[in-house]
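Worksheet: one structure, shown below.
So that the names make sense, note that chain A is the first sequence line, chain B the second, and so on, each numbered from 1.
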Number of protein chains: 2
Amino acid sequence: MTAHGTPTTDAPHPGPVDADEPWMRGLHADTGYLLYRLGLRSGQLFNAALQESGLRLRHYALLRYLATVEGAPQRDLSERLGYDPSAIVGLVDDLERLHLVERRPAPTDRRRRIVVLAEAGRTYLRDTDEASHRVTDELTGPLSEEERDTLHALLLRVAQTDRG
Amino acid sequence: MTAHGTPTTDAPHPGPVDADEPWMRGLHADTGYLLYRLGLRSGQLFNAALQESGLRLRHYALLRYLATVEGAPQRDLSERLGYDPSAIVGLVDDLERLHLVERRPAPTDRRRRIVVLAEAGRTYLRDTDEASHRVTDELTGPLSEEERDTLHALLLRVAQTDRG
DNA sequence: ACCAATCGTTGTTGACGTCAATGGTTGTCT
DNA sequence: AGACAACCATTGACGTCAACAACGATTGGT
């Protein structure tokens with residue numbers, strides 16, 4: 001296959017190659033890629049923490065949003081959480097099966113089904129609140145308290161201007 | 001829409017409910033969830049920018065890592081990039097099909113196959129470098145230059161101690 | 001010469017996002 | 001009133017993606 005006439009070493013050159021070139025840089029030089037990778041890890045940690053309760057991060061996000069609104073049609077959930085309407089169906093199905101939320105018909109519009117947080121849902125949020133904090137602490141472990149606030153504020157601004 | 005003052009309102013209560021409770025808070029109060037959501041958006045933007053070249057963010061990350069190492073066995077790629085070894089196979093297959101990388105047998109170990117960046121791969125990195133910068137700019141749009149540096153530094157520390 | 005460990009590979013499973021299409025319902029326009 | 005477009009929740013299909021088990025080939029240790 002390959003003529004190995006050159007004195008190639010087994011291990012690849014560990015040192016930098018053409019590091020002078022600006023386009024020759026490591027992955028960590030990109031803020032976007034860092035966000036992508038940390039987002040993956042954050043999701044993994046969240047799902048692992050919520051695994052014992054049988055739910056996933058998406059369910060948790062839906063519950064948390066419901067806690068701030070006290071009832072919303074599924075269309076609103078889709079827009080606010082950024083999930084496809086078809087995805088909301090399955091999520092609410094799961095949560096309703098566990099009696100954490102309840103589907104109620106909207107009085108004025110029989111097409112809509114308003115999802116409200118049940119009492120068990122409030123209890124669930126109260127119980128998993130500490131686990132949620134643990135995940136954030138583990139993620140931002142090497143940062144000081146002040147740095148965490150700074151990071152949170154920056155992320156918040158990026159996220160908010162994201163949706164107009 | 002229809003917000004009468006009647007006890008049974010169609011629309012859910014728009015105001016805060018039990019906002020006094022600490023576990024009753026919005027999604028954006030969680031740094032972990034913010035990271036998760038921004039990570040998703042970052043990945044979408046990256047993939048959209050790379051779509052015209054037929055590659056995805058994973059391929060791009062692999063190429064960029066190869067640029068800093070000049071050749072690595074697939075096992076190293078798996079560990080460094082955080083992807084499963086089985087995922088590396090498909091990625092290298094795609095890149096090799098486009099002649100961006102090359103699989104070379106390791107002289108001392110016939111199990112290993114060292115993946116090296118081909119000349120076309122370097123050209124590809126040079127050409128897509130600007131697109132990568134555009135994505136980061138779009139993501140961190142609302143932030144000032146100094147704030148972007150702060151965010152990048154914070155994310156870098158979180159990411160680095162992650163695999164320490 | 002055995003045996004455990006390693007490397008790349010294949011296959012499978014489940015979660016996930018996206019889009020098209022449907023049944024039921026509402027509002028509008030004439 | 002009736003016709004018609006728009007809306008809502010739901011279902012289904014398709015492709016992407018991560019995580020895991022299992023395998024053949026190879027290596028190193030004893």
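- Side chains of Tyr33(A) and Ser42(B): a donor-acceptor N/O pair is absent below 3.5 angstrom, by distance only.
- Take the nearest nucleotide of DNA chain D for Leu40(A) and for Ser86(A): the residue whose nucleotide is more 5' is Ser86(A).
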Dump every N/O contact between nucleotides 27-30 of chain D and the protein below 3.5 Å, one line per pair.
{"unit_1": "dT27(D)", "atom_1": "OP1", "unit_2": "Arg110(B)", "atom_2": "N", "d": "3.2"}

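- Closest heavy-atom contact between Arg37(B) and Leu81(A): NH2-O, 3.0 Å.
- For Tyr83(B) and dT16(D), the OH to C1' distance is 13 Å, given to the nearest whole Å.
- Residue Gln51(B) contributes atom CD, which lies 15 Å from atom P of dG15(D) at whole-angstrom precision.
- Here the rule is side chain to side chain contact (heavy atoms under 4.5 Å, CB included) with Leu151(B), and of Leu155(A), Leu34(A), Thr150(A) only Leu155(A) fits it.
- Closest of all the heavy-atom pairs between Ala72(A) and Leu66(A) is N-CD2, 4.1 Å.
- Rounded to an integer number of Å, the gap from Gln74(A) CD to dC7(D) P is 17 Å.
- Side-chain atoms of Tyr60(B) and Arg64(B) include a donor-acceptor pair closer than 3.5 Å.
- Each of Arg37(A) and Ile88(A) lies near DNA chain D, and the nucleotide nearest Ile88(A) is the one positioned closer to the 5' end.
- Put simply, CG on Asp93(A) is 16 Å from C1' on dA15(C), counting in whole angstrom units.
- At whole-Å resolution of the value, OH in Tyr36(B) and C1' in dA15(C) are 10 Å apart.
- Put simply, CZ on Arg104(A) is 16 Å from P on dA9(D), counting in whole angstrom units.
- Side-chain atoms of Asp84(A) and Ser78(A) form no donor-acceptor pair, as typed in the model, at a separation below 3.5 Å.
- When Leu91(B), Ile114(B), Leu62(B), Val89(B) are each tested for a side chain to side chain contact (heavy atoms under 4.5 Å, CB included) with Gln74(B), only one passes: Val89(B).
- One can place CG of Asp94(A) at 9 Å from P of dA15(C), the figure rounded to the nearest angstrom.
- One interatomic measurement links the two molecules: CG of Asp84(A) to C1' of dG15(D), which rounds to 15 Å at whole-angstrom precision.
- Between Arg113(B) and Asn47(A), it is Arg113(B) whose nearest contact on DNA chain C lies nearer the 5' terminus.
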